[in-house]
2 protein chains.
Amino acid sequence: MARRISRKISNSTIHRLSIYYRALMGLEREGYDTISSKELAKREKLTPAQVRKDLSFFGSFGTRGLGYPVKELKQRIAEILGLNRLWNVAMVGVGNVGSALVSYKEFARQGFIIKLLFDNDQRKIGSNHKGIIISDIANMKSQLKENEITIVILTVPASAAQKVCDDIVEAGVKAILNFAPVSLKVPDDVNLLNENMAIELEHLSFSLTNRNMVMFD
Amino acid sequence: MARRISRKISNSTIHRLSIYYRALMGLEREGYDTISSKELAKREKLTPAQVRKDLSFFGSFGTRGLGYPVKELKQRIAEILGLNRLWNVAMVGVGNVGSALVSYKEFARQGFIIKLLFDNDQRKIGSNHKGIIISDIANMKSQLKENEITIVILTVPASAAQKVCDDIVEAGVKAILNFAPVSLKVPDDVNLLNENMAIELEHLSFSLTNRNMVMFD
DNA sequence: TAATTATTGTGAATGAATTCACATTAATTT
DNA sequence: AAATTAATGTGAATTCATTCACAATAATTA
Ligand SMILES: NC(=O)c1ccc[n+]([C@@H]2O[C@H](COP(=O)([O-])OP(=O)(O)OC[C@H]3O[C@@H](n4cnc5c(N)ncnc54)[C@H](O)[C@@H]3O)[C@@H](O)[C@H]2O)c1
Ligand SMILES: NC(=O)c1ccc[n+]([C@@H]2O[C@H](COP(=O)([O-])OP(=O)(O)OC[C@H]3O[C@@H](n4cnc5c(N)ncnc54)[C@H](O)[C@@H]3O)[C@@H](O)[C@H]2O)c1
């Protein structure tokens, strides 16, 4: 029953699975029963071969001559991505970015349940934020364990990030989404992803600057 | 004087340039005069060869036996990324995410100046947000042109995103950073980047789910 | 039920990105 | 000033990702 993935799945493939997942949600809403790799690729500006190859790493979900069943494929991708369950999430640093994320209902709808909030600002600690009481960062380590938190969103200032990150790791958390613009050091068995909006802006500024692929030295 | 880049620079290389840039800012603060590819790679969990290859696409900035001059290399990368100038930025949709971004001072420090804010909510239009008056979306097209906006940050609900995006494109803007979780259609000459935090969370949930590279069907 | 059509699933081919490996060269030491 | 050391810059080798191309096959049509 267990399908062993021999090859390592590339980050690009994982990323595209999320894209397919979103596309399929849209298609379901629009009333599609099936979708071909050709049509799915067109919608997401990819190639049909890429779509088929990505999916083939995990099994054969389609029907030759017809395409993929929208509802079922969506469900299969949800399973692959680990979205057919709830994840206990904590967030550290309830400032500008943290507040925006907490109020975002889509995360909960996807199974990412923000259970705990932490901050070190005495004025914030104890206050109720969208139904969750903000806890003192001093209690973080024990509370992360007690509440079986598996994912932490890190939205503290860059200067505090490594220290807080160390504590998160010590609490046994294996997945961190970091918004602070610093390279955090974590052990190999911890999944760290960085969300850095400045880098995206810099990418745009690079593209605008090098429109004709000409540089100056 | 113009150095033609024959090969297309890969997105990964551009992304790493931003990483080097941040690392160099840190190194400068820490008082380093020079840095070797070996040390820079170690800090950012990359390989020395990768660092050297990335930089070599744009010129030879180092000294054999010694390494790269921190201050100068930082400046060169800033030039490559187009950060040695100011960019006029507008933001559409001043809600949770939009508000967080507007209050973020680092963007301005990097040269991304948020000049205009737009919304369609009558209660928000006309109000002063961090020193900027929120304008009516109805006036967006003309104002984007008048103010020579080159980058737009799009933080409206998914349902409104494509329509607003079309107007942005019509105004002649060639770079868009989109936070709405939809695939926007834009002409080939428009640079569109998507910032999707849910996708990052899904990546983490994939990694946690497939820790031993075993899947279930 | 046979012929036709559409589209998957996948090895093989191609293309792209990364890493290797070393000649080159600048700085430092003796 | 020669020898030694350290690290760059870059072709070549390798690894990884994407695309090609087609046999296999399910659905539909005649
Ligand atoms: N605001 C943005 O648009 C934006 C954009 C890109 C990146 N970022 C990054 O995201 C992070 C958060 O940004 P922000 O604008 O929300 O900052 P913020 O200052 O509004 O919020 C940070 C929060 O962390 C808390 N905090 C500080 N030190 C702490 C500690 N040691 N333990 C627990 N909590 C602590 C503060 O009390 C505050 O509530 C920063 O690293 C920032 O660089 C922000
Ligand atoms: N809040 C989050 O943490 C978060 C996380 C991931 C993605 N997103 C995405 O980012 C976008 C913004 O999220 P948010 O939480 O800030 O939403 P929000 O509802 O708080 O803000 C959206 C703003 O856009 C304005 N708006 C709506 N339609 C408009 C139109 N046609 N023209 C101009 N303005 C319009 C609204 O008045 C509002 O001020 C959404 O697409 C959301 O899915 C948000």
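The shown structure was predicted, so the numbers you read here are calculated from the model rather than taken from an experiment. Letters go in sequence order (proteins before strands), and every chain restarts at 1.
A cation-pi contact, defined as under 6.0 Å to the ring centre and within 45° of the axis, links B:R43 to B:Y32.
Between the side chains of A:Q162 and A:D166, at least one donor N or O lies within less than 3.5 Å of an accepting N or O. The closest side-chain donor-acceptor pair between B:K115 and B:N147, if any, does not fall under 3.5 angstrom.
Atom CG in A:N11 sits about 20 Å away from atom P in C:dA16, given to the nearest Å. Rounded to an integer number of Å, the gap from A:I35 CD1 to C:dA6 P is 16 Å. The NZ-C1' distance, from A:K53 to D:dC22, rounds to 13 Å in whole Å. Atom CG of B:D54 and atom C1' of C:dT19 are 12 Å apart (whole Å). With rounding to whole Å, A:K38 atom NZ is found 9 Å from C:dA6 atom P. For the pair A:L73 CG and C:dT8 P, the computed distance is 11 Å after rounding to whole Å. Between A:H15 atom NE2 and D:dT18 atom C1' the separation is 17 Å, expressed in whole Å. To the nearest angstrom, P of D:dT8 lies 18 Å from CZ of B:F58.
Closest to the side chain of A:L66, from the set D:dA27, C:dT19, C:dG9, is D:dA27. Comparing D:dG9, D:dT19, C:dC20 by their closest approach to the side chain of B:A49 singles out C:dC20. For B:S56, taking side-chain heavy atoms from C-beta onward, the closest of the listed nucleotides D:dT18, D:dT10, C:dA17 is D:dT10. Listed nucleotides C:dA27, D:dA27, D:dC22 differ in distance to A:T63; the shortest reach to its side chain belongs to D:dA27. Ranking C:dG9, C:dA17, D:dG9 by closeness to the A:S60 side chain, first place goes to C:dG9.
With DNA chain D read from its 5' end, the first of the two nearest nucleotides for A:S12 and B:G67 is the one closest to B:G67.
Put simply, the side chain of A:R64 and the base of C:dT8 share a donor and an acceptor less than 3.5 Å apart.
In terms of phosphate contacts, B:R52 brings no side-chain nitrogen or oxygen within less than 4.0 Å of OP1 or OP2 of D:dG9. Look at A:Y68 and you'll find a side-chain N or O under 4.0 angstrom from OP1 or OP2 of C:dG9. Taking 4.0 angstrom as the limit, A:S37 places none of its side-chain polar atoms (N or O) nearer than this to OP1 or OP2 of C:dT7. An OP1 or OP2 oxygen of C:dT18 is reached within less than 4.0 angstrom by a side-chain nitrogen or oxygen of B:R16.
Applying the side-chain contact (heavy atoms from CB on, under 4.5 Å) test between A:M91 and each of A:V97, A:V156, A:L101 identifies A:L101 as the sole match.
Salt bridge present: A:R22 and B:E202 bring a charged side-chain N and a carboxylate O closer than 4.0 Å.
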